[in-house]
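Notes follow once the structure below has been shown.
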Amino acid sequence: MSVNFALVAGADNYCLFGNPVAHSKSPRIHAEFARQTHQNIHYSAVLVPEHEFPEAVRKFQELGGCGANVTLPFKQEAWRLCAQRQPRAHLAGAVNTLWFGAGGVIVGDNTDGAGLVRDITVNRGLQLRDIDLLVLGAGGAARGVIPALVEASPRRIVIANRTPERALELAAEFGAVFPVEACGFQGLTGQVFDAIINATSASLQGQVPPLPAGVIRAAGWCYDLMYAREPTAFLSWAADRGVSHRIDGLGMLVEQAAESFWIWRGIRPETAPVIKLLRVNGR
Ligand code: NAP
């Protein structure tokens, strides 16, 4: 196997598995959390070749690793690898946090949704309860955040995706828990929402899904899971439509990390100074 681990003796080791991972801010975020809470941990980013994820996790466990985060493209594979899953991860069908339980069993959770909801409601003071909410995208990120969004009790959730079948599939999976609606972008014509969460990767390509005019109330808010130094394509689109609250995914990134840290260490770090640090000089 071609995965390289850089474990540190005398510390509890954690890592991020992904491909690519070089750009990741997670090592820096967890180092800040550890410093703040006086935890003796080491957190590294591990590049895993496409077909080597299960071996990489087992090797990390053998070497004494304590837990890991999982990012693209392995979140669904991580779900399959876990022998036990927390209910929100089970429902999401995707795992971003894992650790080794009694007898070495691999346990999985998904902290993306909790991170997103906390950033929206606590950090930004915005409401999810009783609103009409549009989620764009039906990939791993949408899958991960929908259980937490459902739990926040919006009046209505619609998932719209470029490939409508994937949105329909996702809505059907959640249908037993909450009546999520699904369509393609054209199906949004004539509908108006209080908030839009962009969980597509379109902003990565500088693109915005083709949304009909009038789909967002100007008094509403738009959230892009992607973050960048400059406003993302989706947040620029929202600005052009007079939407005053426009938020990128940096807060979610730090909040989902804090939730993982809490699971692993039993201590909840302060997120505001870490978000500020990354905003000022770390992006
Ligand atoms: P993914 O599984 O590859 O799914 C990509 C989604 O985007 C699919 O729904 C895809 O539609 C859609 N899409 C891609 N290009 C598009 C375009 N040009 N126009 C319209 N739709 C397009 O990716 P993911 O894991 O869900 O990640 C999505 C985004 O969330 C990424 O930008 C990622 O960085 C971000 N993210 C952020 C955080 C955070 O902590 N802030 C956490 C997780 C993810 P089809 O189904 O039609 O292909």
Side-chain angles (χ1 to χ4, degrees), residues 1 3-19 21 24-48 52-118 140-141 143-145 147-148 151 252-271 274:
M1 92 164 282
V3 178
N4 288 315
F5 293 103
L7 274 71
V8 168
D12 288 346
N13 284 273
Y14 297 86
C15 72
L16 170 70
F17 291 116
N19 188 345
V21 285
S24 173
K25 301 193 185 318
S26 293
R28 179 148 187 223
I29 293 170
H30 282 278
E32 283 299 323
F33 289 167
R35 196 184 51 75
Q36 197 193 94
T37 58
H38 309 289
Q39 296 285 298
N40 182 18
I41 73 158
H42 177 73
Y43 186 109
S44 55
V46 176
L47 179 69
V48 181
E52 295 187 22
F53 177 71
E55 280 171 88
V57 173
R58 290 194 187 103
K59 182 83 190 165
F60 184 62
Q61 182 176 19
E62 266 170 45
L63 292 171
C66 298
N69 285 130
V70 181
T71 189
L72 228 92
F74 300 119
K75 288 184 187 181
Q76 279 159 271
E77 202 172 347
W79 186 92
R80 291 192 291 273
L81 189 67
C82 289
Q84 289 173 17
R85 299 172 205 106
Q86 300 305 103
R88 60 188 176 181
H90 186 76
L91 192 59
V95 155
N96 81 333
T97 304
L98 52 83
W99 63 97
F100 308 112
V105 69
I106 305 175
V107 189
D109 199 352
N110 194 317
T111 64
D112 279 342
L116 173 65
V117 168
R118 199 173 163 88
R143 185 174 271 290
V145 300
E151 221 168 81
M252 170 183 169
L253 178 77
V254 176
E255 292 296 347
Q256 62 78 29
E259 186 80 8
S260 298
F261 193 89
W262 157 252
I263 290 169
W264 294 327
R265 310 300 299 180
I267 293 179
R268 195 172 279 286
E270 291 275 330
T271 50
V274 181

Residues passing the ring pair (Phe, Tyr, Trp, His ring centres under 6.0 Å) test with Y14, sequence neighbours excluded, are W264
Nearest heavy-atom approach of Q76 to G140 is OE1-CA, 4.3 Å
For residues 83-102, which residue pairs qualify under salt bridge (charged side-chain N to carboxylate O under 4.0 Å, His left out), counting only residues two or more places apart or in two chains?
-> R88-D109, R88-E259
Counterpart residues, ring pair (Phe, Tyr, Trp, His ring centres under 6.0 Å), relative to F60 (two or more places apart) | F5, F17
Roughly how far, to the nearest 0.5 Å, is CZ of F100 from SG of C66?
-> 8.5 Å
Worked check of side-chain contact (heavy atoms from CB on, under 4.5 Å) between Q39 and I267 | CA-CA 9 Å; Q39 296 285 298; I267 293 179; 3.2 Å; yes
Residues at least two apart in sequence or cross-chain that pass side chain to side chain contact (heavy atoms under 4.5 Å, CB included) with L81, listed by chain then number, are F53, P54, V57, R58, I106
Pairing residues for T97 by the side chain to side chain donor-acceptor pair (under 3.5 Å) criterion, not counting sequence neighbours = N69, S260
Hey, what do you get for SG (C15) to CG (L98), rounding to the nearest 0.5 Å?
-> 8.0 Å
Got a second to check how far R28's CZ is from K25's NZ, nearest 0.5 Å?
-> 8.0 Å
Only counting residues at least two apart or in another chain, list the ones meeting ring pair (Phe, Tyr, Trp, His ring centres under 6.0 Å) with F33.
-> H30, F261
How many angstroms lie between atom CD1 of I29 and atom CG of L253, to the nearest 0.5 angstrom?
-> 4.0 Å
Minimal heavy-atom distance between G108 and A89, with the atoms involved, is O-CB, 4.0 Å
Using salt bridge (charged side-chain N to carboxylate O under 4.0 Å, His left out) as the criterion, list what pairs up with R35, not counting sequence neighbours.
-> E32
Could you walk me through whether N13 and V8 pass the side-chain contact (heavy atoms from CB on, under 4.5 Å) check?
-> CA-CA 7 Å; N13 284 273; V8 168; 4.0 Å; yes
Hits for side chain to side chain contact (heavy atoms under 4.5 Å, CB included) against Q36, two or more places apart or cross-chain, chain-then-number order -> P269, E270, P273, V274
Looking at residues at least two apart in the chain, or sitting in another chain, which of them share a ring pair (Phe, Tyr, Trp, His ring centres under 6.0 Å) with W99?
-> none
If every non-hydrogen atom of G10 is compared with every non-hydrogen atom of N40, which pair is closest and at what distance?
-> O-ND2, 2.6 Å
Which pairs pass salt bridge (charged side-chain N to carboxylate O under 4.0 Å, His left out) with one or both residues in residues 67-77, sequence neighbours excluded?
-> K75-D112
Counting N and O atoms only, with roles assigned by atom type, does the side chain of E255 sit under 3.5 Å from a partner on the main chain of T271, one being a donor and the other an acceptor?
-> no
Are side-chain heavy atoms of K59 and V3 found at a separation under 4.5 Å?
-> no
Tell me, please, which residues at least two apart from A148 pass side chain to side chain contact (heavy atoms under 4.5 Å, CB included).
-> V117
To the nearest 0.5 Å, how far apart are CZ in F74 and CG in N19?
-> 5.5 Å
What closest approach, in Å, do L16 and V21 show between heavy atoms, and which atom pair accounts for it?
-> CD2-CG1, 4.0 Å
Between C82 and V107 the two heavy atoms that sit nearest each other are SG-C, 3.9 Å
So CG of L72 and OG of S24: to nearest 0.5 Å the spacing works out to 12.0 Å
Provide the full list of salt bridge (charged side-chain N to carboxylate O under 4.0 Å, His left out) pairs with a residue in residues 7-19, sequence neighbours left out, each pair given once.
-> D12-R265
